[in-house]
Amino acid sequence: MTDVASQPVAPHTVFAALRHNRSAQIGIGLLMLFLVAALFGSWLSPYSLSPSKDEIFQPPSRAHWLGTDDAGVDMLSLIIRGARVSLLVGVASALVAMVIGGTVGVLTGYFGGRIDSVLMRVTDYFLVIPDVPLMVVAAALFGRSLQNIILIIALIYWASTARMIRAQTRSVRERTYVRRSRAMGASNARVLLTHVVPQVVPLLLALTVLQVALGIYAETFVTFLGLGDPSAVSWGSILQAASASSAQTNGAWWSVVPPGLCVTMVVVGFTLVGQALEEELNPRLRVGHLSFRHFSLRIREVEHG
Amino acid sequence: MTRYLLKRLAFAALTIFAALTVNFILFRALPGDAVSGLKCRQCTPEFKEAQRAALGLDQSLWQQYVLYLKGLLHGDLGNSWRPPHPTVWSQLWDPIKRTLPMILLGTVFSVVIGVSLGLLAAWRRGSMLDRTATGMSLAAYSMPTQWLALLMVLYLAGWLGLPTSGVKDPDLEIAQLLGDVGWWELFIDQLRHMILPALAIGIVFAGDYAIITRSALVETLSEDYVLTARAKGLSRWTVIRRHALPNAALPIVTLMALSLGTVVGGVLVVEYVFSYSGIGLTVVQAISERDYPVLQGAFLLLTVAVVFANLFADLLYPKLDPRVVLR
């Protein structure tokens, strides 16, 4: 197994290093833009979301910078409001995945034994299973609500976090100072809290940032197939509405291009920041390829490397 | 080696078994069952009871589970809930035959576009070209697949003169029934319908291949033996072709097998956009019609395919790279 991050890393050095990382700066810039939209969306959006019959599929104009959709709703206002739900789903699902994956990873990595092997088979299952079909099946069965979508995304993606954290925990556990502290009679709880967890948290943070990208990406799929929350406006649902009203064959590019562009930019942003974080944490891992979709490939590298 | 093989096989078998079980539990966790949702004139409580007995729903969960596994062993995926209740297998077989070539074509697009981009980036490492290629890969990889598909309908289809919906031309289908079309024409027509969906999947996944190719090439090009080869007077291209590309083949082939699980997700939305009646569109229709047996069958089939692709990658890995130590 590769020795992941051989030196202890303090969180503040990571953030200091991020300031000198160009791709991280680009990523943070992109994210700030959308964060503002998500937080202050209702003040920033120029129009309300009520449909108006005489302004259906208007091309961009001075009154409507991004035109209007099939119900005559101002596209710019929709896009700004959509940021909130899209980011919420991404962040919330990543946090749930972080808690589950982090806990499982630290406990299995530290204690090993039978529970470890059982839980690792469970993660194997989630790593192999086709993610979007499982999500779609679960969403179809359990109903269309934001809460369900968040939980479904988190319950499918916690496994990769668990595996990476487990590998990190195992390497921390075998370090000399941790072994000494155990030999001196420190309890498991003490070793975990004072030595293992602080060493694992920065990596967990990086993985969570990457996970947000994956969550936002996944939400667009589920929503696009008509399984999103009917009362929530997200970029996925805007794209779905555009496709359902045949905007693409009617040449209404203004209702197709912006929502997808926003998703792409946010995913790029989170990926850049997540990768930069990870790179600063352990340069030896050399994030050779893009991370979020192919965790299983990377886990091979970390565990068999 | 034998031990490794057995271990991988056992793992694949275990995963498929887990998938079967999850599949069973997921679809039994629903409120109500196949019969309670029925609404029709002859659907009296007595009729529903009889239907339940016929479907085995009156037995205990455990018995139902055994029944389900037994059925699967005989290749029985159940029947569609939609009248006239054809078998699920018959509903899935034709779509699969249309999706498989589309995924293959998409993978070819991915590999060709991705490897060329990665090659360019590694060739001029650190240059503007490298940054552009890497940036393009990241963008391609972050795009929602359905968005790219919609953009293609908007901008590319008209320009290339390619059809944007269906799997074949309805006029040709009639002509085929009359028997005055050659197989070549039919083949070309189906290929034309396949190109845009395959390209959408191809471009989204090209980013992965580009980044993987680049990092494998960059790593190899910094090795001493590459320097030696250059010092012997071999051209840069010869060195890349003879030394660097074979080393990149390993991660590329692994990615081809391992990405199937993610590609399948793209297939769902792309087939929906292009009304391409493959397995993805079947799943989407089964969802909107609440045809759970078809949904369950399709999901199971996709899972089994992905597990086998992973097994294949595991078995291929040591063949491609003799340095891999098997455990």
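Computation of the quantities below employed the complete heavy-atom set of this structure, encompassing side-chain atoms and omitting hydrogens, waters and symmetry-equivalent molecules.
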Please state whether the side chain, the backbone, both or neither of [X] comes within less than 4.5 Å of a heavy atom of chain A.
{"X": "B/Leu150", "answer": "both"}
{"X": "B/Leu14", "answer": "side chain"}
{"X": "B/Arg214", "answer": "neither"}
{"X": "B/Val269", "answer": "both"}

At a 4.5 Å cut-off on heavy atoms, which part of [X] comes close to chain B: side chain, backbone, both, or neither?
{"X": "A/Leu261", "answer": "both"}
{"X": "A/Ala252", "answer": "backbone"}
{"X": "A/Ile216", "answer": "neither"}
{"X": "A/Val257", "answer": "both"}

Exactly one of B/Leu154, B/Leu151, B/Thr164 should register a side-chain contact (heavy atoms from CB on, under 4.5 Å) with A/Gln248. Which one does?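 The option that passes is B/Leu154.
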
Would B/Thr145 and A/Phe221 satisfy side chain to side chain contact (heavy atoms under 4.5 Å, CB included), going step by step from the backbone distance to the final call? CA-CA 8 Å; B/Thr145 321; A/Phe221 278 77; 3.4 Å; yes

Main-chain N/O of [Y] paired with [X] side-chain donor or acceptor, under 3.5 Å:
{"X": "A/Tyr125", "Y": "B/Ile16", "value": "no"}
{"X": "B/Trp147", "Y": "A/Val256", "value": "yes"}
{"X": "B/Gln146", "Y": "A/Leu239", "value": "no"}
{"X": "B/Arg290", "Y": "A/Ala140", "value": "yes"}

Value rounded to 0.5 Å, distance of [atom1] in [X] from [atom2] in [Y]:
{"X": "B/Tyr141", "Y": "A/Thr264", "atom1": "OH", "atom2": "OG1", "result": "12.5 Å"}
{"X": "B/Met143", "Y": "A/Met265", "atom1": "CE", "atom2": "CE", "result": "12.0 Å"}
{"X": "B/Ile287", "Y": "A/Leu227", "atom1": "CD1", "atom2": "CG", "result": "5.0 Å"}
{"X": "A/Leu134", "Y": "B/Leu26", "atom1": "CG", "atom2": "CG", "result": "6.5 Å"}
{"X": "A/Ile129", "Y": "B/Asn23", "atom1": "CD1", "atom2": "CG", "result": "8.5 Å"}

Taking every heavy-atom pair that is under 4.5 Å apart, which of B/Leu268, B/Val273, B/Val264 has the most such pairs with chain A? B/Leu268

Between chain A and each of B/Val263, B/Val22, B/Val267, count heavy-atom pairs under 4.5 Å; write down the option with the most.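 Top option by heavy-atom pairs under 4.5 Å: B/Val22.
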
If you define the side chain from C-beta out and look only at heavy atoms, does anything of A/Leu272 sit under 4.5 Å from B/Leu138? yes

Is any side-chain heavy atom of A/Val137 less than 4.5 Å from a side-chain heavy atom of B/Val283?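 They are not in contact (no side-chain heavy atoms under 4.5 Å apart), so the answer is no.
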
Heavy-atom pair with the smallest gap, counting every atom of [X] and [Y]:
{"X": "B/Pro144", "Y": "A/Gly260", "value": "CD-O, 4.1 Å"}
{"X": "A/Ser243", "Y": "B/Tyr272", "value": "OG-CE2, 4.4 Å"}
{"X": "A/Val268", "Y": "B/Ala139", "value": "CG2-CA, 4.4 Å"}

Given the options A/Asp124, A/Val122, A/Asn250, A/Thr249, which has more heavy-atom pairs under 4.5 Å with chain B than any of the others?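 Greatest number of close heavy-atom pairs with chain B: A/Asp124.
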
What verdict does the side chain to side chain contact (heavy atoms under 4.5 Å, CB included) test give for B/Tyr292 and A/Leu141, after you've listed the backbone C-alpha separation in whole Å, the side-chain angles of each residue and the deciding distance to 0.1 Å? CA-CA 9 Å; B/Tyr292 292 132; A/Leu141 295 181; 3.4 Å; yes

